[in-house]
Amino acid sequence: MLKAIDTDLWVAEQPLKYFGLEVGTRMSVIRLTSGKLMVISPIDMDDATINELNQLGEVSYIVVPNLYHHLFVADFKLCYPHAKLWAVSGLERKRPDLQIDYIISDRNIHLIDGVEYLFIQGFNTLDTSGYSPLNECVFFHIKSRTLIVTDTVFHFDKQCSPSTRLIAKLLGGYNQLRPSLLEKFATQNKAKVKCSIQQLLAWDFERVIMAHGSIIEQNGKPQFKAGYEWFLETSL
């Protein structure tokens, strides 16, 4: 079911396990200034959520925001065949079955109908194949002063399961808005990441919505900045 977060901004959540841990996942929905809807990181939809979404407006943009959040996009696109599919660079090779309309790849901030977006350079994650690029695009909903990210930060707190809280503490991320030690270890080109994060910090955001963990409603920007100063081991 959709949950209203602010004017023209909603989320939908569902359970998701990663390496056996329940981390949950979250989809964001923005009503653009044009009245059309942008859906970021689609989840596995049920009929009730689809009906709710249809009542909000026309889904015109479906966004795969990094190389990992693509599991449900094909089924979601079947529900909205006329929507434009946006995806980050590299997904065209990882998912050649998808018909991608727009590939997000350059390092500039772009604007579309009240939403700015930025491709994060140099950020790696650690998976079963070793160090892998995340290739994440992040979004700023200007009207609600909300930063929408996917896997470039997490925020696991007391609302998470005991096992997830334990792992978050071991990886240095419990009750913190930051990447984990795994990403800190995997990311070698921190100069590129720093350049992107400095661009991101030009946005005047208060709230932070991430795919995994609890939403930060207040003071999101200083918490995000502190998390990346820890990650980069430098001031921003």
Side-chain angles (χ1 to χ4, degrees), residues 1-6 8-19 22-105 110-120 125 127-129 132-141 144 146 148-152 209-213 215:
M1 304 292 285
L2 291 173
K3 175 184 176 183
I5 299 298
D6 206 318
D8 295 332
L9 180 63
W10 300 263
V11 299
E13 301 166 346
Q14 70 181 30
L16 181 74
K17 287 190 175 181
Y18 187 69
F19 288 117
E22 180 53 58
V23 295
T25 191
R26 181 177 289 116
M27 172 180 84
S28 298
V29 180
I30 301 170
R31 183 187 284 132
L32 304 173
T33 55
S34 64
K36 297 178 180 180
L37 302 181
M38 173 183 283
V39 176
I40 301 169
S41 191
I43 60 173
D44 191 13
M45 300 284 280
D46 56 28
D47 290 341
T49 309
I50 290 172
N51 288 336
E52 283 187 299
L53 191 57
N54 290 340
Q55 291 175 25
L56 297 180
E58 177 188 354
V59 175
S60 293
Y61 303 98
I62 302 168
V63 183
V64 182
N66 67 31
L67 293 180
Y68 287 82
H69 277 244
H70 59 83
L71 297 180
F72 307 109
V73 68
D75 288 341
F76 194 89
K77 186 68 164 67
L78 288 176
C79 296
Y80 301 99
H82 300 297
K84 299 293 185 182
L85 179 59
W86 289 18
V88 293
S89 175
L91 194 75
E92 71 277 13
R93 296 184 294 276
K94 193 170 186 176
R95 291 292 305 272
D97 58 305
L98 296 175
Q99 184 65 46
I100 300 171
D101 298 291
Y102 173 53
I103 294 176
I104 307 167
S105 61
H110 296 273
L111 171 67
I112 177 171
D113 293 344
V115 174
E116 294 186 330
Y117 59 96
L118 172 69
F119 185 79
I120 302 296
T125 190
D127 60 21
T128 54
S129 62
S132 297
L134 187 64
N135 284 14
E136 178 159 311
C137 184
V138 298
F139 299 82
F140 176 48
H141 183 225
S144 66
T146 301
I148 301 171
V149 302
T150 307
D151 296 329
T152 45
I209 296 175
M210 68 298 296
H212 310 290
I215 294 172

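Taking every heavy atom of both residues into account, G35 and R31 meet most closely at O-CG, 3.7 Å. Across every non-hydrogen atom of L67 and H70, the tightest pair is O-CD2, 3.1 Å. Across all their heavy atoms, H212 and G24 have their closest contact at ND1-O, 2.5 Å. Heavy-atom minimum distance, E52 versus L2: OE1-N, 2.9 Å. What you find for S132 and Y68 is that their closest heavy atoms are CB-OH, 3.3 Å. Closest heavy-atom contact between V11 and S28: CG1-OG, 4.0 Å.
Note that the CG atom of N66 and the SG atom of C137 stand 10.0 Å from one another [nearest 0.5 Å]. Taken from SG in C79 to CG in L53, the straight-line distance is 9.5 Å, to the nearest 0.5 Å. How far OG1 of T49 is from CD of Q14: 9.0 Å, rounded to the nearest 0.5 Å. Note that CD1 of I120 and CD1 of I104 are 11.5 Å apart. Values are rounded to the nearest 0.5 Å. In this structure, CD1 on I40 lies 4.5 Å from CZ on F139, to the nearest 0.5 angstrom. Distance check, rounded to the nearest 0.5 Å: OG1 of T125 to CG of D151 gives 7.0 Å.
Judged purely by atom type and a 3.5 angstrom limit, D101 uses its side chain to pair as donor or acceptor with the backbone of L85. Put simply, the side chain of N135 gets close to the backbone of S89: a donor and an acceptor are under 3.5 Å apart. Panel note: side chain S41, backbone M27; no donor-acceptor pair is recorded below 3.5 Å. A distance-only check finds a donor-acceptor pair linking the side chain of K77 to the backbone of A83 [under 3.5 Å]. Proximity of a side-chain donor or acceptor of E92 to a complementary backbone N or O of I103 within less than 3.5 Å is not detected. For the pair E136 (side chain) and T150 (backbone), a donor-acceptor distance under 3.5 Å is present.
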Any chance you could lay out the side chain to side chain contact (heavy atoms under 4.5 Å, CB included) test for I100 and R95, step after step, and finish with the verdict? CA-CA 10 Å; I100 300 171; R95 291 292 305 272; over 6 Å; no
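Between L134 and T152, some side-chain heavy-atom pair lies under the 4.5 Å cut-off. In this structure, I30 and D8 have side chains that are not in contact, with every pair of non-hydrogen atoms separated by 4.5 Å or more. Considering only heavy atoms from C-beta on, I148 comes within 4.5 Å of L9 through its side chain. Under the 4.5 Å side-chain criterion, counting only non-hydrogen atoms from C-beta, K36 is not in contact with D113. Annotation: side chain of L37 is in contact with side chain of L56 (closest heavy-atom distance under 4.5 Å). For the pair W86 and M38, the minimum side-chain heavy-atom distance is below 4.5 Å. Annotation: side chain of Y61 is in contact with side chain of I112 (closest heavy-atom distance under 4.5 Å). The shortest side-chain heavy-atom distance between D75 and M45 does not fall under the 4.5 Å cut-off.
When the shell of 6.0 Å around NZ of K94 is examined, it contains more than 12 heavy atoms from other residues, nucleotides or ligands.
Classification of the Y102-Y117 ring pair by plane angle, with boundaries at 30° and 60°, yields perpendicular.
With respect to V39, the side chain to side chain contact (heavy atoms under 4.5 Å, CB included) criterion is satisfied by exactly one of V29, V73, V63: V29.
The existence of a salt bridge linking E13 and R26 is confirmed by a sub-4.0 Å separation between a basic side-chain nitrogen and an acidic carboxylate oxygen.
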